[in-house]
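Report on the following structure.
Protein chains get the first letters and strands the later ones, always in sequence-line order, with residue 1 at the start of each.
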Amino acid sequence: MRLMKNTHIDFVGIRKVAYVISALLILISLGSLIIRGLNWSIDFTSGVAAKVDLKAEDASVNPIKIDELRVALKNNGFPEAEIQHVGVVDDAKFMIKIKSAESKAEVSGDTKTAFIEIIKGNFPKHVEGRDINREVIEEIYEVGPKVGGELRTNALLAVFISLILMIVYIWFRFELTFGLMAIVALAHDVLIIIGVFAFTGKEITVQIIAALLTIVGYSINDTIVIFDRIREDLKIRRKEPIEQVFNFSINETLSRTVITSVTTLITALALYFFGGSVLHDFALAISLGVIIGTYSSIFLASNLVVDITRATHKEKQAMQHLTKRK
Amino acid sequence: MKKFSWRGLAIIIFICVTAFYLAPLAIPNLPEWWAKNKLKLGLDLKGGMQILLEVDTSALSVSDARGAVDQNIKIIRERIDQFGVAEPSIQKLGENRIMVQLPGVSDYQAAENLIKQTAMLEFKVVAMPEEAKRVLDTIDANINANLSLFPSLAELDQKDKEVMRDSLGAEITPAGQGVFSSLIRPGEMDYEVQWDNIDLIQDLLADSLFQQAVPAGWQIALDRATAESAREDRALHVLSSAVELSGGDLSKAKVEYGSSTSTDPRIANKPYISIEMKREGARKFEQVTADNVGKRLAIVLDGVVYSAPNIQERIAGGRAQITGRFTSQEANELAIVLNTGNLIAPISPVSTSIIGATLGADSIRSGSMAGLIGLLIVVIFMVIYYKLAGLIADFALVFNVGFILAMLTAFGATLTLPGIAGIILTIGMAVDANVLVFERIREELDAGKTPRSAHDAGYNRATVTVWDANVTTLVAAVVLYQFGTGPIRGFAVTLAIGIIGSMFCALVFVRSIFDTFIITGTKKTLSI
C-alpha cells in the first residue's frame, strides 16, 4: 500500500499562507498567555494536592456535595482551595488543591496535617470505619515553597538548554541558518501548545514539561529528516533555484513524515483514551505536539530557510552558502 | 559456510542480555541471584510515600555540615530499618537534601515523625519556685523594656490595659506584673498555660529575641502535647539550661508496660520507656541526683518536657524512665529514635507525596492497556503498509519494547508512570527509523534499481538521516534527565534507551534479517 506517491504539492509556493496561519496561532497563544497566564501546578507554586475518597461506609449517609467540602475548607482557613470531582458524582471522590500563592495562609509543612484534620472533623460520618491515611486519602502531595520555585527555574532551564544544544548540533551538521530556523519552528510549536494550556486553563504539571521536551525532540526529528534531504538534493540539483530544490525535498520526504506522525499520533491517542486520568493532559500535549510539530516541519522550518537565504544572499551565492562544507 | 559476522554476534549478545533481564518478570522460580534482577516499580505505581527533606546546617561549621548530611542519612536509614519498611530508598540529593522513598507505607504520619524527629534528649534540673519566679520577673522586665520587638505581646498588653480601664478593680490575678507572665498562671507544681495561649507561647519560645530576654543559665519549656491533651491547659517549666545528661550518655532504650497495680498513675497500665545509660552516663546521673535531692529533673526531648520527676534520693545504676501518656505506638517510635541517636542537624520536609496502592495498580493497568492498544494498531498498520518488510519491523518493535524493559532492569532504574508513557511513545517513534529506510528503498526501487541495490542504497542513505534525527532527540532526553527529578528522570531514561534501542533494531537487527533472508539470490521483487 502506498499513500502520497510522487506528490508535487507546492509547499514553498504557499508558504505565505502558512506564515499567516502560524502568526495568528502565535498571536492567540501570546494573548492567552498575557490575559489568562499559566496555571502552574503545585509542583511549581508549592502547596498541597490531595485526592480523597469520601464515600461513606454506611450507605444511608448522604454523599458529600462539592459545596459542603468547599464551605468546610473555607471556614478553616483555605478559601482558595480548588475542588473537583474525580469520576462520577456518586463516587464522592475529590481532587483538592491548595496553592500557597493564592492562599492567605502560608502553606507550610503543617498544611497537610491541617487539611486531614478538617476532613476528619467536618465529615465524621463519611470517614467513619475507614483508615483515614489509607482509604480516605488516596493520594496526597505537598510541595514546600523552596522546591516549587526551584522546579520552575529548572524546567525553564531544561527547555532553554536543550534548544541551545540542538542549535549547536544542527549548526555543526548543516549550516547556521538551518539550525536557527529549526529552533524558530520549535519555539513556534512549544509556544502554541503552551498557548492551548493557557487558553483552556489546564494545569502545567511536571509531566507537561516532560511532554513539551518530548515534542521538542520529536519536532526537531521531523525537521531534520527534511533538512537532511534538502542537503542531499542541493548537491545533486545545483542548477535549479533553491525554492524548487526545497520543494522537491519536502515532497520526497512527505510520505515518511506523515507515516511517522500517524504512528506516533496513534500511540499518543491510545494514551489519551486508555492511559487513565493521570496521563490525560500529558497525552493531549503530545498529540497536539505531534500535529503541530509535523505542520511546522513541513510548512515552516525549510520555508523560513528559503526566505532568510533569499533575503541575505544573491541567487548564486545562495546555493553556495547552503551547501558549503563544514 | 558463511563468514563470521560482527553484526550477527551483536544481535546474539543483544538478545541474550534482553532475555536475561526479562526472565525474572516472566518466570517465577528462578534462582535468587537471577531473580533479584527484577524491574523495580516506582512509587507512583506501587504506592507509598516519598519525602524530600532538607537538612538545616546553618548552625554548623562548613566541615561539620558536610558530614552532618551523611550522618543524618545513616541515622534515618537505621530508624527506617527498625520501623520495618521493605526496600526503602534513601538518597542524598544535591548538597543538603535527602530523598526518602518508602514503598507500601500507609501510616505516613508516623513515618514522617519518625524520620524528622531530631531526638535531642537532655536531662535538665527544674528551677525551684523562687528561682522560677525571679526568672519570669526578669523576662517580664526585659520584654517591657523592648515591647515593640514583640508585636504579639504588645497587642496583648494594649488590650489588657483597655480592659483594666474599662472595669477598674476587675479580678485579674496574673502571675506577675508583666505581659509575659499574664499569659501563665501558677499551677500545682509548675506554671500553666491556658490552651488557647499555647500557640502564642510556642511562637515566642522559638523566637530568638525572646530567648535573649530569658536570663542566662535558664530556659523555658512547655510540657509535651498528646492527642487527647491538645485542647487542655499545659504546664510550663522553668529549667536550668545546663545539660546534665544527653542522648550520648544513653546505651539502650526500650518500651515497657507499667503493672496495673503500680501506684504511680503515670505508668500504671501504660507504656513507658526505660533507658539504660552508659557507664560514664550512669556516673553523671548518680552525681546529678546526689547534688539535687529534693529538686526535680526534667527529661527534655527536642525542647519539650516529657516528664519532670522528683529526685528523692541519689540514684545509682544508670536507669531511668521516660513517661508521658504515650500510646504504645508512640512509645515504640520514641524508643527507635532514642536508640538510633539524635540527628546532627535538624531536618524539615520540603515536599511530601503519598500515593495509595490502588491508584498505582490502576495506573499500571491503564498504562499497559494504552500501550497494548497503541502497539497493536501500529503493528497492523505497518504490516498493511509495508507488507513483509513491515512484519519484520514489527518484530523489531516488540523486541525494542522488551529491550527498554531489560535495560531499565539492568541499570537498576525504576519504572514510573511517565516511564510507561515514554515506552508507549517510543512504540510510535521507534518505527520511524524503519519508515525512513523503507521509504528510501521504495524510492530507489521506483528509480529502477534491483531489490538488492535498492536495499543497499536505501540503508546507506537513510543511516545518516537516522543518526541526525535521533541524536537531537537524545539531546532532549539527556537534558530532561539532568534537570528533572523523580518520575521525570524515569521518563528521560526510558526515552533515551528507547531511542538507542530503536536505532539498533532498525540499522542492525532489521537490516540483518533483510540481508540474510530477503535479499538472497536474484529475486526480482521485494515485499515492501
Handout entry: B:Val431 to A:Thr263 - nearest heavy-atom pair and separation
Key = CG2-OG1, 3.3 Å
Handout entry: Heavy-atom closest pair, residues B:Ser366 and A:Gly275
Key = OG-O, 3.4 Å
Practice task
Check whether any side-chain heavy atom of A:Asp228 sits under 4.5 Å from a side-chain heavy atom of B:Arg461, and report yes or no.
Solution key: no
Exercise for the section: Measure the OG1-CD1 distance between A:Thr267 and B:Ile373 for me, rounded to the nearest 0.5 Å. Expected result: 12.0 Å
Exercise for the section: For the residue pair B:Ser351 and A:Glu142, confirm or rule out a side-chain donor-acceptor distance under 3.5 Å. Expected result: no
Practice task
Might you point out which heavy atoms bring A:Ile224 and B:Ala469 nearest each other, and give the distance in Å?
Solution key: CG2-N, 3.9 Å
Handout entry: B:Val478 portion near chain A, given a 4.5 angstrom heavy-atom threshold
Key = neither
Problem - Between CD on residue B:Glu439 and OG1 on residue A:Thr260, distance to nearest 0.5 Å - result: 8.5 Å
Exercise for the section: Using a 4.5 Å cut-off on heavy atoms from C-beta on, say whether the side chain of A:Tyr141 contacts that of B:Thr352. Expected result: no
Handout entry: Short N-O contact, A:Arg231 and B:Asp468, less than 4.0 angstrom
Key = yes
Exercise for the section: For a side chain to side chain contact (heavy atoms under 4.5 Å, CB included) with B:Val475, tell me which candidate from A:Ile220, A:Leu165, A:Val216 qualifies. Expected result: A:Leu165
Problem - Point-to-point distance, once rounded to the nearest 0.5 Å, from OG1 of B:Thr416 to CD of A:Gln207 - result: 8.5 Å
Handout entry: Atom group of A:Ile286 that falls short of 4.5 Å from chain B, counting heavy atoms
Key = side chain
Completion exercise
Okay, B:Tyr386 and chain A: the region with an atom under 4.5 Å from a heavy atom over there is side chain
Exercise for the section: Sort out for me which of B:Val350, B:Val435, B:Asp432, B:Ile355 touches chain A most, counting heavy-atom pairs under 4.5 Å. Expected result: B:Asp432
Problem - Contacting region of A:Phe227 [heavy-atom separation from chain B under 4.5 Å] - result: neither
Problem - Among A:Glu232, A:Met166, A:Arg256, residue most engaged with chain B (heavy-atom pairs, under 4.5 Å) - result: A:Arg256
Practice task
Go through the atoms of B:Asn434 and report whether side chain, backbone, both or neither lie under 4.5 Å from a heavy atom of chain A.
Solution key: neither
Exercise for the section: Would you mind checking which part of B:Arg442 comes under 4.5 Å of any heavy atom in chain A, side chain (CB onward), backbone (N, CA, C, O), both or neither? Expected result: both
Handout entry: Point-to-point distance, once rounded to the nearest 0.5 Å, from OG1 of B:Thr465 to CD1 of A:Ile226
Key = 11.5 Å
Practice task
Check whether any side-chain heavy atom of A:Ile161 lies under 4.5 Å from a side-chain heavy atom of B:Gln482, and answer yes or no.
Solution key: no
Completion exercise
Max heavy-atom pairs within cutoff under 4.5 Å with chain A, candidates B:Leu436, B:Leu375, B:Ile384, goes to B:Leu436
Problem - Salt bridge flag under 4.0 Å for residues B:Arg440 and A:Glu252 - result: no
Handout entry: Residue among B:Val466, B:Ile499, B:Thr473 satisfying side chain to side chain contact (heavy atoms under 4.5 Å, CB included) with A:Asn221
Key = B:Thr473
Exercise for the section: Might you point out which heavy atoms bring B:Trp467 and A:Tyr169 nearest each other, and give the distance in Å? Expected result: O-OH, 4.3 Å
Practice task
Might you confirm whether atom CE of A:Met95 has over 12 heavy atoms from other residues, nucleotides or ligands at distances under 6.0 Å?
Solution key: yes
Handout entry: Residue pair A:Val262 / B:Tyr385, side-chain heavy-atom distance below 4.5 Å
Key = no
Exercise for the section: Return the option, out of B:Leu52, B:Asp446, B:Ile377, with the maximum number of heavy-atom pairs under 4.5 Å with chain A. Expected result: B:Asp446
Fill in the blank from the handout: Between B:Gly374 and A:Ile266, the two heavy atoms sitting closest are O-CG2, 4.2 Å
Exercise for the section: Below 4.5 Å from any heavy atom of chain B, which atoms of A:Leu271 appear? Answer side chain, backbone, both or neither. Expected result: both
Problem - Region of B:Ile420 in contact with chain A, defined by heavy-atom distances below 4.5 Å - result: neither
